Each structure stands twice: as C-alpha cells, then as structure tokens.
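Have a look at the structure below, then the notes.
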Amino acid sequence: MNPVRRPAEPAMARNTIARIHPDAIAHNLRRVRESAPDSRIMAVVKADAYGHRIDLCLPALADADVLAVATIEEARAIRRLGNGLPVLLLEGVADPGDLAVAAELGLELTVHHRQQVEALAAFGRPVTPRIWLKIDSGMHRLGVEAAEAAQLHQRLLELPGVEQVNLMSHLACAEQPDHPLNARQLARFDEAVFGLDGEHCLANSAAIFNWPAIHRDWVRAGIVLYGISPMDQGCGADLDLRPAMTLTSELLAVNHVPKGERIGYGGRFVTPEDMLIGVAAIGYGDGYPRAIADGTPVLVNGRRCRLAGRVSMDMITIDLFGCPNAKIGDQVVLWGEALPVEEAARSAGTIPYELVCRITRRVRYRAQAAPGMVSKVK
Ligand SMILES: *Cc1c(COP(=O)(O)O)cnc(C)c1O
C-alpha cells in the first residue's frame, strides 16, 4: 500500500492579504485616551475585532480597561488567547444555560431585559461582581425601559456576588451632534438613573471625538481603534487616527483592450479608448463588495487607478491609465494608509464598518508595522 502522501506546501499561495498594523491600533487607543482623558476605555472587539482578527489586535490593546464583545464565543476566543483583561458581553447572555459558562470564563454581563434579571436570580450563584444595566433611552433596540431602571438596578444589587451595577445606554445619532434625538436620549437617561449608584457609559466612537460632555465614567471605543472614522464624511486621518488594515492583492494579468470593448460580467464597462486593463486577484469571494462602482480608486504600485467593470468572485478589473509599466505580480492596494477604506465604502454605498467586517476566510492575515509608521520608528 502506498503511504498517504501529505499535500506539499503550496509553492505560491494567493497573494490576497489583509495586513494588520498593531502599532496603528496602539496609536489609535492613545488617541482615544487623549480625547477622553477622564474616562476609562472599553475597547470593542466584537466581530473578530471588526474583521481585523482578535489574535492580531489584542497585544496592541493591553492598555484598555475592558474588552467588549457581542457573543460568548468571541469572549471564549479572548480567554483562549490567555488575555487577562475584563471581558464584557455587550448583549449579556440570551440562553440561561450560558450563565455557567460566563461564570467559568469570568465575564461581565450586560443586562438589557427584565428576563435576564430573572435568569440571573434563578441561577442563584455568583456570575460576576460587575453588571452593566443597559437602559433604552430612545434608540429602541436594546435596553430596559427608563421607568423600570431603578427597580431592576436594585434587584441586580441584591443578587449573589454582585458588587457594582453600572449604567449604560446607546445613542442612535452620535455621529450627528446636532441631531435632536441626542438631547432627548441624554435627558431620558439622566432621569432614569437619577440617584442610582454606578458608573455611566454612553459614548461610542463618534461621541468620543465630537461630544465630550457625555464621556462620563466610561467610553466605548470601536471603529476608531481600527483607524476608521465614525463620521459620515472624511476619514480617520482627520482625527489623527491610523488605519489598522491594508488590504492588498496583486495583478494576475495585464491586457491591451481596444476601444469599444466590454469588460467583465454584464459588459458594464465599455472602453472609451484603447486601454491597458489589469486583472487583480480579489473579488466578492474575498469580501470586496460586488456593489462597488466603476471608477472606485485602487492603488497599483502606489498610484491611483480606477475600477473598470463589475467585481467577480475572484477578480477585479482595473483601468491602468497612469500605470503604463504595470506588470503581472505588481501590488494592488484596495484600502489602507494611502487609500482610506471610507472612500471605498462610499463608492460601494455602505459604511466602512461593513467592509472590514466582511472580509472572508480566504484572505490571509499578516501582522506588520503600519507603512507610515516604520519611518517614524527609525
Ligand atoms: C459595537 C458597539 C459599540 C462600538 O461602536 P463604534 O461606533 O464602533 O464605536 C459601542 N456600543 C455598543 C453597545 C456596541 O454594540
């Protein structure tokens, strides 16, 4: 019998790479500290650190005060990495059976619903000394009603092992400081928590940078840790943030295409003249959005070129005008330091949060120094 042969190491893996820059994340965390100097920081690392991979990001977040995740599996991943920071489940647990797991992993809990208080009471054993009571101040997603906050706060304090019940709420329009809903939510929150013991936590990334009055005791920093702006306009650099991800690929082909030909699925792009078209190894199968428009900028050898034709599963096609010497194997940057992901997101009709979160497992990840920060260190 032939011995089972192991497949050889692939001679050349596909060069579609998300380069993660821990130094940029550490810098962004410092920027949050500077912007909210009197508050403690909850570093939000849900959805695998917004698609940046929790294992690559955690070493840069050692100075955070709490890590916040959405699911118990995300919390378990952090514990497996051996990280000793407190971890908060932003939605608490849905299944009462998970309370024992939360206790074992030493997780802090959000309580956003009366039913979760009942489940904790029924559990009857200590889970965590610190609970975060989430109050619905007007976004109407998660949170107990303002009118029941005081009663539930008291009941939580009476549970075994509970020493502190903090008070949390979430703002629907923090990136628009003048939106009338902000003042309404703040007033409702302050009324609900009047006279209650516990630290306050209201500000997300947008509020950290544009609404100091609500920093209070704790801020929740998410997207800004990854160097991305939470605002509708501009990019992270406007807030002195550094992008934590550079998404790169390379050219698989460089083709001369005559005037009047159609490129890609559906023939969406028609060449207005004889053109040099590059084909790069990235597509919606990697998370690059299919909805993105012709003309979206990408960098080829550091120079701005434009997307020409529909995104396919594995490839994109690029107008190489301005890059006449481009050749197979040359680097293509989809977003990063010199090309903000905010720009790509606008071109795709979405927000940068979604673009970084939906990178697929086919893309390889690599931690490396941020391109713009290497020279600083030298
Ligand atoms: C995800 C999340 C945040 C972080 O929001 P950013 O806009 O990324 O800062 C804050 N609070 C809650 C409750 C969240 O779920």
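The shown structure was predicted, so the numbers you read here are calculated from the model rather than taken from an experiment.
- Residues D23 and R242 are not paired through a salt bridge, judged by the lack of any N-O separation under 4.0 Å between the basic side chain and the carboxylate.
- Side-chain contact between V279 and V254 is absent, with no heavy-atom pair separated by less than 4.5 Å.
- Pairs engaging residues 105-119 under the side chain to side chain donor-acceptor pair (under 3.5 Å) rule: E108-R130, E108-W132, H112-Q116, R114-E148, R114-Q151, E118-R155 [sequence neighbours left out].
- Considering only heavy atoms from C-beta on, E163 stays 4.5 Å or farther from L157 through its side chain.
- Note on L239 and V341: same hydrophobic cluster, where clusters join Ile, Leu, Val, Met, Phe, Trp and Tyr whose side-chain heavy atoms are under 4.5 Å apart, directly or indirectly.
- Ring centroids of F189 and H200 are separated by less than 6.0 Å, placing the two rings close together.
- The hydrophobic cluster containing L196 also contains L133, counting ILVMFWY residues as joined when their side-chain heavy atoms lie under 4.5 angstrom apart, directly or transitively.
- In this structure, a donor-acceptor pair under 3.5 Å is absent between the side chains of H52 and D48.
- Remark: side-chain polar atoms of S35 are paired, donor with acceptor, to backbone N or O of R31 under 3.5 angstrom.
- S229 places a side-chain N or O within 3.5 Å of a backbone atom of M231 that can act as its donor or acceptor partner.
- Side chain of Q368 to main chain of I20: no donor-acceptor pair is present (N/O by atom type, distance under 3.5 Å, no hydrogens or angles).
- Ion pair D136/R188 not flagged as a salt bridge, since none of the NZ, NE, NH1 or NH2 atoms sits closer than 4.0 Å to an Asp/Glu carboxylate oxygen.
- Checking side-chain atoms of D330 against main-chain N and O of A326 turns up no donor-acceptor pair under 3.5 Å.
- Checked by atom type and distance alone, the side chain of S169 never pairs as donor or acceptor with a backbone atom of L202 at under 3.5 Å.
- Taking each heavy atom of A338 and L299 in turn, the nearest pair found is CB-CD1, 3.7 Å.
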- Please assess V69 against L88 for the test side chain to side chain contact (heavy atoms under 4.5 Å, CB included), listing each intermediate value before the final yes or no. CA-CA 6 Å; V69 295; L88 166 67; over 6 Å; no

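- Linking ILVMFWY side-chain heavy atoms closer than 4.5 Å, directly or via other members, places I328 and V300 in two distinct hydrophobic clusters.
- No donor-acceptor pair closer than 3.5 Å links the side chain of S249 to the backbone N or O of V332.
- Between the side chain of N204 and the backbone N or O of A207 there is at least one donor-acceptor pair closer than 3.5 Å.
- Of all non-hydrogen atoms in L56 and A367, the two that sit nearest each other are CD2-CB, 4.1 Å.
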Q. Going through the checks in order, is the side chain to side chain contact (heavy atoms under 4.5 Å, CB included) test met by V219 and M42?
A. CA-CA 6 Å; V219 295; M42 201 181 269; over 6 Å; no

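- One hydrophobic cluster holds both V162 and V87 under the rule that ILVMFWY side chains link at heavy-atom gaps under 4.5 Å.
- Across all non-hydrogen atoms, the minimal contact from I318 to C305 is CG2-CB, 3.6 Å.
- Of the possible polar contacts, none joining the Q185 side chain to the N182 backbone as a donor-acceptor pair under 3.5 Å is found.
- Judged purely by atom type and a 3.5 angstrom limit, D65 uses its side chain to pair as donor or acceptor with the backbone of I41.
- Hydrophobic cluster membership is shared by L99 and V117, with clusters built from Ile, Leu, Val, Met, Phe, Trp and Tyr side chains linked at under 4.5 angstrom.
- R216 and S39 form no side-chain donor-acceptor contact under 3.5 Å, judged by distance and modelled atom types alone.
- A salt bridge links R40 with E199: the distance from a Lys NZ or Arg NE/NH1/NH2 to an Asp or Glu carboxylate oxygen falls below 4.0 Å.
- Heavy atoms only, all atoms of each residue included: I135 and A146 are closest at CG2-CA, 4.1 Å.
- Only one option out of L152, L120, V165, V93 pairs with V111 in a side chain to side chain contact (heavy atoms under 4.5 Å, CB included); it is L120.
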*asked:* Between F269 and L307, is the side chain to side chain contact (heavy atoms under 4.5 Å, CB included) condition met? List the steps.
replied: CA-CA 9 Å; F269 185 87; L307 197 78; over 6 Å; no

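- A salt bridge links R14 to D286: one of the charged nitrogens lies within less than 4.0 Å of a carboxylate oxygen.
- Of all the heavy atoms in S205 and I223, the pair that sits closest is OG-N, 3.3 Å.
- Between the side chain of T248 and the backbone N or O of V333 there is no donor-acceptor pair closer than 3.5 Å.
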Acceptor/donor pairs from residues 350-357 side chains to any protein atom, 3.5 angstrom cut, sequence neighbours excluded:
from	atom 1	to	atom 2	distance (Å)
T350	OG1	E354	OE1	2.3
E354	OE2	R358	NH1	3.3

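- Judged as a side chain to side chain donor-acceptor pair (under 3.5 Å), the pairs with a partner in residues 256-275 (not counting sequence neighbours) are, in order, R268-D294.
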Kindly determine whether E250 and K327 satisfy salt bridge (Lys or Arg N to Asp or Glu O under 4.0 Å), including the steps that lead there. CA-CA 10 Å; E250 63 181 20; K327 58 187 188 310; over 6 Å; no

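- Between the CD1 atom of I72 and the CG atom of L105 there is a distance of 6.5 Å, given to the nearest 0.5 Å.
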For this session: For M168 and R220, run side chain to side chain contact (heavy atoms under 4.5 Å, CB included): C-alpha distance rounded to whole Å, both residues' side-chain angles, the deciding distance at 0.1 Å, then the answer.
Result: CA-CA 10 Å; M168 185 154 77; R220 301 192 296 273; 3.2 Å; yes

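- Taking the charged nitrogens against the carboxylate oxygens, E104 and R79 have no contact shorter than 4.0 Å, which rules out a salt bridge.
- For the residue pair N166 and Q164, a side-chain donor N or O sits within less than 3.5 Å of a side-chain acceptor on the partner.
- Across L339 and L334, no two heavy atoms sit closer than the pair CD2-O, 3.4 Å.
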